[in-house]
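Order of the sequence lines fixes the chain letters, A, B, ..., with proteins taken first and strands second; residue numbering starts at 1 for each chain.
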There are 2 protein chains.
Amino acid sequence: MAHKHDHSQAIIEVTRQLPSDELLCDLGDLFKLFGDTTRMKILYSLFESELCVCAIAELLKMEQSAISHQLKILKDAKLVACRRSGRTNIYFLADDHVRTIIGQGYEHLTEGKED
Amino acid sequence: MAHKHDHSQAIIEVTRQLPSDELLCDLGDLFKLFGDTTRMKILYSLFESELCVCAIAELLKMEQSAISHQLKILKDAKLVACRRSGRTNIYFLADDHVRTIIGQGYEHLTEGKED
DNA sequence: CTTTCATATGAATCTCTATTCATATGATAA
DNA sequence: TTATCATATGAATAGAGATTCATATGAAAG
C-alpha cells in the first residue's frame, strides 16, 4: 500500500503461487555454491575424474588451504564427498544434479552468444 | 610440483578437458545471479506474471530502490526485460533457461530431503 | 616413537555486494 | 508548466564470504 496505483490482485495471486521463504532461501544457497569461480573449477575438474586435494590445488594453481576451505563448503552441501586413500583424501562428485545444473548454465551461455 | 606424490598425469588429463577460464568465470557469474534470495524471489514471482517494480517491492516487502537495483542486475544479464506502460515499468522473464535452471535446483532440493 | 607428508581449520584480512538514503529522471495529470 | 507518481541511480554503509597465514590433525614411513 505504499504506492498509489493498485496491483493488490496481482500481488495476492503471485503470493499464492510463491514457494515458502525457506525454500527460496535454500534455492539461493544452493546456487550460491555454483556462483564462485573456484568452486566452479573444482566441480568441473571432478566431472573428469576424482582427485586429491593437492592435485586440485596444482591444477588450479591455488593454495592447498583455499582448496580445502572450498571443498569443505561443497562437502557440507553434499555436492562432493571424499574417501581416504593412504594419507590423501580423494574427492569426487556426490550428486548428479550438479552435472545437470551446470550443463543448463553452460547451454545458456553458449546459445545466447550476443553480449 | 609443490607436493611429493605425483599426479601430473591426472592433472594434464583434466586440464585438457577443462573449459577456458573465461567460460568458467562466465558460468560462475551466471549462477551468482541465482545465488541471492532477493533475486530468486523476483525471478520466481515473474514465473507467474509480469510485474511492475512497486508490485514486486510490495510483494517482497522491500524498498523500491533495492528492487530496482536487483532488477538492473537481472536486466544487464538479460534474464529479465521490461516495457513501459504509462509511467510504470513492467518486468518479465526474458529467457526460458531461467525456468529450467531454477527447476533443476528445485528438484535437487526436494529430492534429497535428508539434511 | 619420531619425522614427514597430506589435509584441515581458526583467525585475520580484504574484497565484493546487497541495502539504504537521498536524489535524479521521466512520464502523466491537473 | 507545475505537481505528482513510478522508477532509476550514485554514494555510503554494512555484512558476507574468499583467500592467506599459521598451525593443528592424522596417517604412514623410517
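- End-to-end axis angle of the helix from C:dC1-D:dG30 to C:dA30-D:dT1, from C1' rotation axes over five pairs per end: 10° (rounded to 10 degrees).
- Between A:Ile73 atom CD1 and D:dG17 atom C1' the separation is 8 Å, expressed in whole Å.
- Taking the six-membered ring where tryptophan is involved, the planes of A:Phe34 and A:Phe31 are tilted, since the angle between them lies from 30° to 60°.
- Using cut-offs of 30° and 60° for the angle between ring planes, the A:His97 and B:His108 rings count as perpendicular.
- Here B:Ile56 lies out of heavy-atom contact (under 4.0 Å) with every strand.
- What separates NZ of B:Lys72 from P of C:dA18 is a distance of 14 Å, to the nearest Å.
- The distance between atom CZ of B:Phe34 and atom P of C:dA18, rounded to the nearest whole Å, is 14 Å.
- Side-chain heavy atoms closer than 4.5 Å link hydrophobic residues (I, L, V, M, F, W, Y) into clusters, and following such links, possibly through other members, connects B:Leu24 to A:Leu74.
- Looking at B:Gln64 and B:Ser68, their side chains do bring a donor and an acceptor atom within 3.5 Å of each other.
- Checked by atom type and distance alone, the side chain of A:Arg83 never pairs as donor or acceptor with a backbone atom of A:Phe92 at under 3.5 Å.
- Atom CD in B:Gln70 sits roughly 11 Å away from atom P in C:dT20 (whole-Å rounding).
- For residues 86-98 of chain A, the set of pairs meeting the salt bridge (charged side-chain N to carboxylate O under 4.0 Å, His left out) definition, not counting sequence neighbours, comprises A:Asp96-A:Arg99.
- Partners of B:Ala77 by side chain to side chain contact (heavy atoms under 4.5 Å, CB included), not counting sequence neighbours, listed by chain and number: B:Leu33, B:Leu79.
- Counting to the nearest Å, the C1' atom of D:dA16 and the CG atom of A:Leu33 are 14 Å from each other.
- For the pair A:Lys32 NZ and D:dG17 C1', the computed distance is 9 Å after rounding to whole Å.
- Using a 4.0 Å cut-off on heavy atoms, the residues of residues 41-53 of chain A that approach DNA chain C are A:Cys52, A:Val53, listed by number.
- Both A:Leu93 and A:Ile102 are assigned to one and the same hydrophobic cluster, defined by single-linkage of ILVMFWY side chains at heavy-atom distances under 4.5 Å.
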Contact list (N/O, under 3.5 angstrom) for nucleotides 20-27 of chain D vs protein:
unit_1, atom_1, unit_2, atom_2, d
D:dT20, O4, A:His69, NE2, 3.2
D:dC21, OP2, A:Glu63, OE2, 3.1
D:dC21, N4, A:Ser65, OG, 2.7

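- Ring orientation note: the planes of A:Phe47 and A:Tyr44 are tilted relative to one another, at an angle of 30° to 60°.
- The stretch residues 9-26 of chain B participates, sequence neighbours left out, in these side-chain hydrogen bond (donor to acceptor under 3.5 Å, both in side chains) pairs: A:Lys41-B:Asp21.
- With contacts defined as side-chain heavy-atom distances shorter than 4.5 Å, the pair A:His7/B:Cys54 qualifies.
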